[in-house]
Amino acid sequence: MIARSRSLAEIPDDYILGIVPASDTGAVEMALWSLLGARGVDVLVWESFGKGWATDVLTQLKLADVRVLDADYGDLPDLTQVDFSRDVVFTWNGTTSGVRVPDGDWIAASRAGLTICDATSAIFGIEMPWDKLDVVTYSWQKVLGGEGAHGMLVLSPRVVERLEEHTPAWPLPKIFRLTKGGKLDAEIFKGQTINTPSMLAVEDALDSLAWAGSVGGGPALRGRVAGNFAVIEEWVERTPWVDFLASDKRTRSPTSVCLKVVDGWFAALDADRQAGAAKRMVAILEEEGVAFDVGSYRSAPPGLRIWAGATVEREDLVRLVPWLDWAHGRVKNEFAEV
Ligand SMILES: Cc1ncc(COP(=O)(O)O)c(C=O)c1O
């Protein structure tokens with residue numbers, strides 16, 4: 001699993017990669033708990049997952065020198081304000097707002113702090129600038145389409161240095177420990193696991209990796225994602241009632257595509273009725289067996305969220321978009337009449 005993931009994700013040879021408990025959340029928490037506290041921290045927040053990491057840093061680890069750089073759903077914080085002499089915690093692809101960082105150009109090539117990146121719905125779908133990333137975490141069930149269970153934790157050589165030089169001021173449960181006797185626990189990165197993994201999940205993830213290889217590997221996965229996104233983008237451009245939640249074109253996520261309703265009847269509804277109308281669209285798409293779970297995330301603005309990752313067939317999206325127009329038309333009639 002480690003060797004094949006490394007090859008598919010094009011992870012540099014001097015980075016290490018391990019399988020850890022508790023999915024992406026587990027991998028991010030291990031990194032935050034094991035690494036932070038050595039210097040100040042900048043946390044970037046623009047949707048629910050980044051907000052969760054900021055909450056951990058502020059209210060669980062209770063670090064004193066923390067700056068939260070935040071933005072509302074649809075926007076990114078001002079990336080020019082990030083200070084790379086500090087540790088920087090951010091999500092590559094904000095799955096709940098459909099907003100992602102555009103690239104790695106805003107990240108300092110030479111930096112004193114570590115960059116800690118939750119890449120769970122980005123990796124394999126979007127190219128990762130590995131030299132700009134010190135910690136990268138992800139889980140198997142996103143772009144790969146494997147069974148959820150375990151997290152993957154990728155560490156640069158600078159992270160290993162930090163682990164061996166810095167002892168956190170708080171106790172670390174066994175499930176979070178990456179060192180033994182002050183040294184990296186290298187076994188984790190050779191396939192030893194901290195506790196018992198699900199071999200069914202491993203087998204399923206191996207199957208996903210084999211599928212990824214069979215369609216052409218990393219470039220082909222990214223190509224599939226770009227092709228899927230192009231279908232939705234072309235439809236949004238010619239459809240007056242819908243727009244991306246992401247305000248800047250360069251930040252639109254191609255994997256978790258978040259859309260808002262922008263025509264007049266919807267704008268005229270109060271917030272509760274807007275939420276109701278969006279839910280109704282989702283419900284009738286489900287009733288017809290057209291699309292499942294395409295509603296926006298519970299804490300995001302009302303609208304649609306369409307997964308367009310590498311396992312999705314482009315043709316299915318081509319077939320989906322007329323149904324979105326149909327659902328919008330029906331709900332508009334229902335709500336405009338009342
Ligand atoms: C950006 C991001 N971070 C973290 C998570 C949590 O991932 P997991 O359920 O694998 O722990 C998700 C899940 O959707 C996510 O999209």
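Values reported hereafter were calculated over all heavy atoms of this structure, with side chains retained and with hydrogens, waters and symmetry mates removed.
Relative orientation of the F124 and Y138 rings is perpendicular, given thresholds of 30° and 60° on the angle between their planes.
Of all heavy-atom pairs between V89 and L32, the closest is CG2-CD2, 3.9 Å. The nearest pair of heavy atoms linking G94 to S256 is O-OG, 4.0 Å. Residues M281 and V331 approach most closely at CG-CG2, 3.6 Å, considering heavy atoms. Closest approach of M128 and A122 over heavy atoms only: CE-CB, 3.9 Å. Of all heavy-atom pairs spanning I194 and K174, the tightest one is CG2-O, 3.6 Å. I11 and S5 get closest at one heavy-atom pair: CD1-O, 4.4 Å.
Contact of the R4 side chain with the L206 side chain is registered, since non-hydrogen atoms from C-beta on lie closer than 4.5 Å. A 4.5 Å side-chain heavy-atom check between L69 and V43 finds every atom pair outside the cut-off. Using a 4.5 Å cut-off on side-chain heavy atoms (C-beta onward), W46 and P77 make contact. Side-chain contact check for Q60 versus W170: every heavy-atom pair is 4.5 Å or farther apart. With a 4.5 Å cut-off on side-chain heavy atoms, L35 and I116 count as touching. Between E147 and E203 the shortest side-chain heavy-atom distance does not fall below 4.5 Å. Residues R319 and R314 form no side-chain contact, since every pair of their non-hydrogen atoms from C-beta on lies 4.5 Å or further apart. Looking at heavy atoms from C-beta onward, W33 lies in side-chain contact with L61 at the 4.5 angstrom threshold.
Hydrophobic cluster membership is shared by L221 and W92, with clusters built from Ile, Leu, Val, Met, Phe, Trp and Tyr side chains linked at under 4.5 angstrom. Under the 4.5 Å side-chain heavy-atom criterion for grouping Ile, Leu, Val, Met, Phe, Trp and Tyr, I123 is connected to F229 within one hydrophobic cluster. Both W53 and V45 are assigned to one and the same hydrophobic cluster, defined by single-linkage of ILVMFWY side chains at heavy-atom distances under 4.5 Å. L245 and W235 end up in different hydrophobic clusters when Ile, Leu, Val, Met, Phe, Trp and Tyr side chains are linked at under 4.5 Å. Under the 4.5 Å side-chain heavy-atom criterion for grouping Ile, Leu, Val, Met, Phe, Trp and Tyr, L114 is not connected to V88 through any hydrophobic cluster.
Taking CZ from F335 and CG from L269, the interatomic distance works out to 7.0 Å, rounded to the nearest 0.5 Å. With values rounded to the nearest 0.5 angstrom, K142 atom NZ is found 10.0 Å from N93 atom CG. A distance of 9.0 Å separates CD1 in I16 from OG in S156, rounded to the nearest 0.5 Å. Annotation: the span from K183 atom NZ to L178 atom CG amounts to 15.0 Å, rounded to 0.5 Å. Atom CG of D316 sits about 6.5 Å away from atom CD of E313, to the nearest 0.5 Å. Going from atom CE of M1 over to atom CG of L17 covers 8.5 Å, rounded to the nearest 0.5 Å.
Side-chain atoms of D83 and S85 form a donor-acceptor pair, as typed in the model, at a separation below 3.5 Å. At a cut-off of 3.5 Å, with distance as the only test, no side-chain donor of S139 or D24 sits close to an acceptor on the other residue.
With E47 contributing its side chain and T96 its backbone, the two residues share a donor-acceptor pair below 3.5 Å. In this structure, K132 contributes its side chain and I107 its backbone to a donor-acceptor pair below 3.5 Å. No donor-acceptor pair under 3.5 Å is formed between the side chain of S299 and the backbone N or O of S48. Judged by distance alone, the side chain of T193 and the main-chain N or O of T196 form no donor-acceptor pair under 3.5 Å. Although no hydrogens or angles enter the test, the distance criterion places no donor-acceptor pair under 3.5 Å between the side chain of R100 and the main chain of S253. Within the 3.5 Å criterion, the main-chain N or O of D293 finds a donor-acceptor partner in the side chain of E286. Proximity of a side-chain donor or acceptor of S97 to a complementary backbone N or O of Y73 within less than 3.5 Å is not detected. Using a distance-only test at 3.5 Å, with no hydrogens or angles considered, a donor-acceptor pair links the side chain of W130 to the main chain of E10. In terms of modelled atom types and a separation under 3.5 Å, the side chain of R305 and the main chain of S296 share no donor-acceptor contact. Panel note: side chain T239, backbone W241; no donor-acceptor pair is recorded below 3.5 Å.
Remark: D134 engages R111 in a salt bridge, criterion side-chain N to carboxylate O under 4.0 Å. Note on E187 versus K190: salt bridge recorded, some NZ/NE/NH1/NH2 to OD/OE distance being below 4.0 Å. A salt bridge links R250 with D103: at least one charged nitrogen is closer than 4.0 Å to a carboxylate oxygen. The pair D70-K51 fails the salt-bridge criterion, with no side-chain N (NZ, NE, NH1 or NH2) lying under 4.0 Å from an Asp/Glu carboxylate O. With respect to D42 and R86, a salt bridge is recorded, a charged nitrogen being found less than 4.0 Å from a carboxylate O.
Environment of CZ in R238: crowded, with over 12 heavy atoms of neighbouring residues, nucleotides or ligands closer than 6.0 Å. When the shell of 6.0 Å around CG of D325 is examined, it contains more than 12 heavy atoms from other residues, nucleotides or ligands. The local environment of CZ in R280 is crowded, with over 12 non-hydrogen atoms from other residues, nucleotides or ligands closer than 6.0 Å.
Between H328 and W323, the ring centre distance reaches or exceeds 6.0 Å.
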Please report the C-alpha distance between R162 and R39 in whole Å, then the side-chain angles of each, then the deciding distance to 0.1 Å, and finally whether the side-chain contact (heavy atoms from CB on, under 4.5 Å) criterion is met. CA-CA 11 Å; R162 168 75 66 85; R39 40 181 76 232; 3.6 Å; yes

Please walk me through it: do L285 and L324 pass side-chain contact (heavy atoms from CB on, under 4.5 Å)? CA-CA 8 Å; L285 289 165; L324 301 179; 3.7 Å; yes

Test D248 against L76 for side-chain contact (heavy atoms from CB on, under 4.5 Å), laying out the working first. CA-CA 9 Å; D248 176 352; L76 267 187; over 6 Å; no

F90 vs W106, test: ring-ring contact (aromatic ring centres under 6.0 Å, His included). Steps then yes/no. CA-CA 12 Å; F90 71 102; W106 56 283; 5.1 Å; yes

Go through it in stages, so that I can follow the logic: the residues are V57 and V68, the test is side-chain contact (heavy atoms from CB on, under 4.5 Å), and I'd like the CA-CA distance, side-chain angles, deciding distance and then a yes or no. CA-CA 10 Å; V57 173; V68 175; over 6 Å; no

